[in-house]
Every structure is written in structure tokens, then in C-alpha cells.
Amino acid sequence: MRRLLALPVLAAALLLAATGCDSGGDGPGTTPPDTTLAALAAEHDVLFGSAFDANFSTLEAEYQRILGSQFAVVTPGNSMKWDATQPSRTTFRYTNADAQVAYAEGRGMKIRGHTLVWHSQLPFWLTSGNWTKQQLLDILREHIQAVVTRYKGRVYAWDVVNEPFEENGTLRNSIFHRIIGPEYIALAFQWAHEADPDAKLYLNEYNAEGLGAKSNGVYALAQQLVAAGVPIDGIGMQMHVTDTFYPSAGDLGANMRRIGDLGLDVDITEMDVRLRLPATQSALATQASIYRSILTTCLAASNCKAFTIWDFSDAHSWIPSTFPGFGAALIFDEDYEPKPAYWAIRDALED
Ligand code: G3I
């Protein structure tokens, strides 16, 4: 899982940063060039994306400028989750999700829906209920059908089932697994497909990007789902990694290939590379080489169709509150200046 820092990559990134790869504006090396990451990635048939959260419209102008220009696809970070969309059994609420979808559509960006079935961010009415299997099946079907139908033809891909695995590769003991059993996964895909037959449907997981017990579990399930004719299109690889723990290009490529051999796509869905704060120049260089390695591996895999980062600026990231003492995980810094990781990504896309 560990990989040595690619010094040539750092040198290239720093060279790019120092030689004025910009379109004028704030100064050499600081302003992203006119050609966007989305446009560069499109030349590889890859969608370059970012997550964004519901409060985006009140954020700095710089945030909105970058969000509205650099990405081909966006993922609402929280607004489509169960606690947001169905606050009571009989109430659906789409205020934030609608705003985010309208924003993306207005700028020609695709929308990745996140997420329909997850053990986390569930409403209290759901987690506190003493449901029978049939009741929970009904609740799950109603939820999936309502949300997918709401955005039919507008959300191009859904993370249908999120994080269903334990680290050892067995299925997580979620409320859905406990009460319904493992068949909840196939049913979720079936119901999502019925609600929008054109949407691409993914199983999304973390720490299952390289080779190991967890990714073997994901692969085995994917094999079963495909064999059973379940309408699954791909595996989402979240890619929340650190500067010392991340998949090697070899392991990641091998995992992408075996999933491709099943006829499935793989998308990088939530990448960030968290660093211990304050981030050193050396750590930022390592981070740049990791972003480059993962992206390059995706570009080399014909079934890797999207590369999404989990928001784009260190000013707005889930990391500092979840991992105190860590941060600086994204490709723009807190002042929206492009970091070495940004230039490494451009360099990989321009190769
Ligand atoms: O909505 C409440 C708001 O009413 C309240 O005032 C505020 C005060 O803390 O909290 C708000 O909820 C927060 C929510 O984000 C919306 O901002 C939660 O506390 C906070 O825990 C939640 O964090 C989200 C996290 O998922 C929850 O698990 C992150 O923003 C979101 O980026 C993160 O995303 C997940 C993916 O869905 C799945 N993969 C891992 C990834 C990172 O954890």
C-alpha cells in the first residue's frame, strides 16, 4: 500500500508552478490557466468532478468561480442523503438538493447523486423504529423510488449503496443488513433502475481501492451481482487517503482491471489526501505525487470514467473536524491558490 515519493513528479509540478502556467490575473503560477481541468480530462473521456455542499451559494466569490468553471460533474456532499431528503416517514424535502441540481444544470455540469442507502446520516425516525423485514423493505423501496424519480434524467449516476463493507471484507452490520439481509443491496439497485433506467448505478466504498480483504469482498459481491443480472454499472472508489497510506499504482490498476473484466466501470468518487498540519513543503510534494499517481492510473484504465475530489479547497473540507490535527487535503489552499497537487493533476492530464 505504500509508495515512494515520485521526485520527478514534484520537480515537474514545481517547474510548472514557477513558469507561469497561467492566463494572467493574480500572478505567475497562481491563477489556473484558461483550459479547465474538466476540459483536459474530457480529452481522456474522463469526467473531472468535485463535491460541494449546500451552503455553496453563500461562499466566497472565488469558491463559486472555481466550482462553476473547473468541473464537469459535481456531487452534493450532504443534501441527497437520507436525513436530508426524508426527515419523516411521510415527508420528503429537497430544498438543498434542488438548489444544487439547478446550479449544476445551469452551468452544464453533470450531477452524481450521493447517496441512496447508507448506514450513516439516517434520520432518527428510521434508526429508532422497531421495523419488521417487510416494513423496512417498504421503507427502502419508497425512499429509493421517491428520490431517484425526483431527479430522473437529471442525475446521471447514483451512488446507490454506500460503504456496505467492513474492513475484513464481510458485509457491514447495518440496519439494512441486520433486518433485511444481504439481498437489500440487489434490491436497492433494482429499485433505482426501475425509477430511472438511464441512470448509471454504483456501489461506493472506501479503503477498497487497492488489493486486500475489503476490495476482495467488493469484487466478490460485484461478481455475484453481475452474474445475477442486477443492474449495477460500476464501483465507486472513494479514495480518502493520507500521504503515508494510499494504494500503489500497481494494486489500484489491478483492482480496476479485474472490475473491468466483470464489465463494470470504476470511478474515483471522493478523493482527498489529508496531511498532518501544518503541512510541510515535502508533504505537499508527496501529496501532489499521490494525486498524480491515482489520476494517471485512472487515465490508463479504460473503465475509469470519472475522477472526483471531495470538495476542492482546503477552506471547505470535512477533514479538520473529523481528523483533528489533519487537513490541507485538497488541490486549492484555503485562499483558493492552486497547490502542487493542482499542477501535478494538470501535468498528468496534459501528458
Ligand atoms: O446539517 C447539520 C446542521 O444542521 C448543523 O447546524 C451542523 C452543526 O455541526 O451540522 C450539520 O450536519 C453536518 C453535515 O455534515 C452537513 O454539513 C454534520 O455535523 C457533519 O458530520 C456532516 O459531515 C459529513 C459527513 O459525510 C458525515 O458522515 C461531511 O460534510 C461529508 O463531506 C461526509 O461525506 C462522506 C461521504 O458522504 C461518504 N464517504 C465519506 C465522506 C467523508 O466522511
Side-chain angles (χ1 to χ4, degrees), residues 1 51 75 77-78 80-86 112-141 143-144 147 157-192 201-228 230-242 245 247 255 258-259 262 264 266-272 310 318 322-323:
M1 292 284 282
T75 307
N78 285 292
M80 290 181 167
K81 291 172 178 172
W82 203 316
D83 62 352
T85 52
Q86 197 178 2
R112 184 179 197 95
H114 176 83
T115 175
L116 298 169
V117 192
W118 189 25
H119 64 277
S120 185
Q121 285 178 279
L122 292 171
F124 183 69
W125 67 264
L126 174 54
T127 53
S128 59
N130 188 20
W131 312 109
T132 64
K133 177 173 177 172
Q134 190 54 52
Q135 284 172 325
L136 193 56
L137 280 168
D138 290 343
I139 288 169
L140 189 60
R141 181 178 41 73
H143 178 77
I144 291 171
V147 178
W158 278 103
D159 292 331
V160 177
V161 180
N162 197 41
E163 305 176 2
F165 282 92
E166 304 282 2
E167 292 304 302
N168 67 6
T170 62
L171 284 177
R172 184 189 289 274
N173 187 25
S174 68
I175 183 173
F176 306 107
H177 187 258
R178 237 181 0 260
I179 297 178
I180 297 174
E183 66 265 35
Y184 86 88
I185 295 177
L187 288 168
F189 278 93
Q190 192 60 50
W191 288 326
L201 305 180
Y202 286 78
L203 184 147
N204 196 41
E205 188 54 271
Y206 68 95
N207 275 356
E209 294 88 359
L211 297 174
K214 196 171 187 182
S215 68
N216 287 344
V218 172
Y219 175 73
L221 175 65
Q223 227 175 0
Q224 290 165 24
L225 294 175
V226 169
V230 172
I232 178 172
D233 294 285
I235 301 297
M237 297 181 166
Q238 293 189 8
M239 203 66 75
H240 294 292
V241 298
T242 78
F245 188 76
N255 197 23
R258 68 174 173 172
I259 292 168
L262 297 176
L264 297 180
V266 285
D267 286 356
I268 305 297
T269 53
E270 305 186 12
M271 184 161 179
D272 48 28
W310 205 241
W318 68 291
T322 307
F323 298 99

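Just so you know, residue 1 is the first one in the sequence shown, and it goes up from there.
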Quiz item: Looking at Trp318 versus His240, is the centre-to-centre ring distance below 6.0 Å?
Solution: yes

Pair [X]-[Y], side-chain donor/acceptor within less than 3.5 Å:
X: Trp118; Y: Asp159; result: no
X: Asn78; Y: Gln121; result: yes
X: Thr269; Y: Asp267; result: no
X: Glu163; Y: Gln238; result: yes

Practice problem: Tell me, with the steps shown, if Leu137 and Trp191 meet side-chain contact (heavy atoms from CB on, under 4.5 Å). | Solution: CA-CA 11 Å; Leu137 280 168; Trp191 288 326; 3.9 Å; yes

Exercise. Give the intermediate values and the outcome of side-chain contact (heavy atoms from CB on, under 4.5 Å) for residues Leu264 and Val226.
Key: CA-CA 9 Å; Leu264 297 180; Val226 169; 3.9 Å; yes

Quiz prompt | Pairing of Lys133 and Glu183 as salt bridge, 4.0 angstrom limit | solution =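 Between Glu183 and Lys133 there is a salt bridge, with a charged N closer than 4.0 Å to a carboxylate O.
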
Practice problem: Step by step, work out the side-chain contact (heavy atoms from CB on, under 4.5 Å) result for Val161 and Tyr184. | Solution: CA-CA 9 Å; Val161 180; Tyr184 86 88; 4.1 Å; yes

Exercise. Measure across Glu166 and Arg172 and return the closest heavy-atom pair with its distance rounded to 0.1 Å.
Key: OE2-CA, 3.3 Å

Quiz item: Leu126 and Trp131: which non-hydrogen atoms are nearest, and at how many Å?
Solution: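 Heavy-atom minimum between the residues: O-NE1, 2.8 Å.
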
Could you state the interatomic distance from [atom1] ([X]) to [atom2] ([Y]), rounded to the nearest 0.5 Å?
X: Asn204; Y: Trp158; atom1: CG; atom2: CH2; result: 12.5 Å
X: Asp138; Y: His143; atom1: CG; atom2: NE2; result: 14.5 Å
X: Asp233; Y: Tyr202; atom1: CG; atom2: OH; result: 6.5 Å
X: Tyr206; Y: Met237; atom1: OH; atom2: CE; result: 16.0 Å
X: Asn255; Y: Tyr219; atom1: CG; atom2: OH; result: 9.5 Å
X: Gln223; Y: Asn216; atom1: CD; atom2: CG; result: 10.5 Å

Quiz item: According to the interplanar angle, ranging from 0 to 90°, do the rings of His114 and Trp310 count as parallel (below 30°), tilted (30 to 60°) or perpendicular (above 60°)?
Solution: perpendicular

Quiz item: Which of these, Ile175, Ile180, Leu116, Ile179, sits in a side chain to side chain contact (heavy atoms under 4.5 Å, CB included) with Leu140?
Solution: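 For Leu140, the side chain to side chain contact (heavy atoms under 4.5 Å, CB included) check succeeds only for Ile180.
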
Exercise. With Leu203 as reference, evaluate Asn162, Val230, Ile185 under the side chain to side chain contact (heavy atoms under 4.5 Å, CB included) test and give the passing residue.
Key: Ile185

Quiz item: Between Val147 and Gln86, is a side-chain contact (heavy atoms from CB on, under 4.5 Å) present by the stated rule, with each step listed?
Solution: CA-CA 9 Å; Val147 178; Gln86 197 178 2; over 6 Å; no

Return yes if some donor-acceptor pair links the side-chain N/O of [X] with the main-chain N/O of [Y] below 3.5 Å, else return no.
X: Ser215; Y: Gly210; value: yes
X: Glu209; Y: Asn207; value: yes
X: Arg178; Y: Asn173; value: yes

Quiz item: Heavy-atom distance under 4.5 Å between the side chains of Met80 and Thr75, does that happen here?
Solution: no

